[in-house]
Amino acid sequence: MSFAGPEDILLSTSLASYLDKKLLVLLRDGRKLLGILRSFDQFANVVLEGACERVIVGDLFCDIPLGLYVIRGENVVLIGELDSEREELPAHMICVSVPEIKRAQKAEREATDLKGSMRKRMEFLDLD
């Protein structure tokens, strides 16, 4: 039975194993970024090459190209490697243009705002 040395443990908990691989980075504000990890530091600041923001609204999605992207570590919630052999999205998802996804985002945001304002108006009923 062999045990991992301190350097092996450090490497396994580090982002070094993800260098030059395609990653999904989930940010604190809910955005999802995809790109190839080129660099990182001890604060989890990361540099993605060929980055794009994946926007999903219902069954619609769009990858908005960003290019080389530097992400401050305090904004990172999750980092995961994407499997290059698997299809990234279910077959029912439809790829649309940037203007179309922006319109869908706006409509979704307005619907959410309307729902919230309706709840506030109905609070006096105290249905709980």
Side-chain angles (χ1 to χ4, degrees):
M1 184 152 105
S2 76
F3 293 98
E7 59 272 30
D8 294 328
I9 293 170
L10 180 63
L11 186 61
S12 67
T13 59
S14 170
L15 291 172
S17 60
Y18 293 126
L19 280 171
D20 300 325
K21 293 185 180 173
K22 190 169 185 181
L23 301 180
L24 168 72
V25 180
L26 180 62
L27 301 181
R28 239 179 10 180
D29 63 3
R31 288 185 294 161
K32 294 166 271 318
L33 303 178
L34 297 107
I36 298 169
L37 180 65
R38 291 299 180 202
S39 184
F40 68 94
D41 65 10
Q42 71 270 26
F43 304 109
N45 297 321
V46 295
V47 177
L48 295 180
E49 181 182 34
C52 63
E53 179 182 355
R54 174 151 297 161
V55 180
I56 300 173
V57 179
D59 286 344
L60 306 176
F61 80 95
C62 180
D63 289 339
I64 302 170
L66 303 170
L68 190 67
Y69 214 69
V70 178
I71 305 166
R72 188 172 169 95
E74 67 182 25
N75 294 314
V76 174
V77 173
L78 176 132
I79 295 179
E81 183 180 358
L82 292 174
D83 189 353
S84 59
E85 295 176 13
R86 267 187 85 198
E87 183 63 34
E88 291 180 20
L89 290 168
H92 67 81
M93 298 292 287
I94 302 165
C95 184
V96 296
S97 67
V98 174
E100 286 179 75
I101 203 73
K102 294 289 184 188
R103 278 194 299 272
Q105 268 185 316
K106 184 178 179 186
E108 184 180 58
R109 191 170 33 255
E110 288 171 353
T112 303
D113 292 346
L114 179 62
K115 186 176 178 181
S117 67
M118 291 300 286
R119 278 201 176 135
K120 283 185 178 181
R121 289 183 204 159
M122 302 300 277
E123 276 180 355
F124 72 93
L125 293 175
D126 194 27
L127 298 173
D128 292 333

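Only heavy atoms go into these numbers, but all of them, side chains included; no hydrogens, no water, no symmetry mates.
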Considering only distance and modelled atom types, tabulate donor-acceptor pairs under 3.5 Å from the side chains of residues 67-77, sequence neighbours left out.
unit_1: R72; atom_1: NE; unit_2: E74; atom_2: OE2; d: 3.4
unit_1: N75; atom_1: OD1; unit_2: R28; atom_2: NH2; d: 3.3

Should L48 and L15 be counted in the same cluster of Ile, Leu, Val, Met, Phe, Trp and Tyr side chains packed under 4.5 Å apart?
yes
Starting from V55 and following side-chain heavy-atom contacts under 4.5 Å between hydrophobic residues (I, L, V, M, F, W, Y), which residues can be reached?
V57, L60, I64, I94, V96, V98, I101
Please write out which residues are connected to L34 in a hydrophobic cluster, directly or through intermediates, given that two of Ile, Leu, Val, Met, Phe, Trp, Tyr count as joined at side-chain heavy-atom separations below 4.5 angstrom.
L24, L82
Partner set under salt bridge (charged side-chain N to carboxylate O under 4.0 Å, His left out) for R31, not counting sequence neighbours
D29
For S97, check side-chain hydrogen bond (donor to acceptor under 3.5 Å, both in side chains) against everything at least two apart and list the hits.
E100
Sequence neighbours left out, what passes salt bridge (charged side-chain N to carboxylate O under 4.0 Å, His left out) with E110? Give chain and number order.
none
According to a hydrophobic-cluster definition based on side-chain heavy atoms being under 4.5 Å apart (Ile, Leu, Val, Met, Phe, Trp, Tyr only), do V46 and L27 belong together?
yes
For residues 40-60, which residue pairs pass the side-chain hydrogen bond (donor to acceptor under 3.5 Å, both in side chains) check, not counting sequence neighbours?
R38-E49, D41-N45, R54-D63, R54-E88, D59-H92
Does L37 belong to the same Ile/Leu/Val/Met/Phe/Trp/Tyr cluster as V47, with side-chain heavy atoms less than 4.5 Å apart forming each link?
no
Listed partners of R109 passing side-chain hydrogen bond (donor to acceptor under 3.5 Å, both in side chains), at least two apart
none
Is the shortest side-chain heavy-atom distance between I56 and M93 below 4.5 Å?
yes
Report the distance from atom CG of L26 to atom CG of L33, rounding to the nearest 0.5 Å.
9.0 Å
Enter the distance from S17:OG to E81:CD here, rounded to the nearest 0.5 Å.
7.5 Å
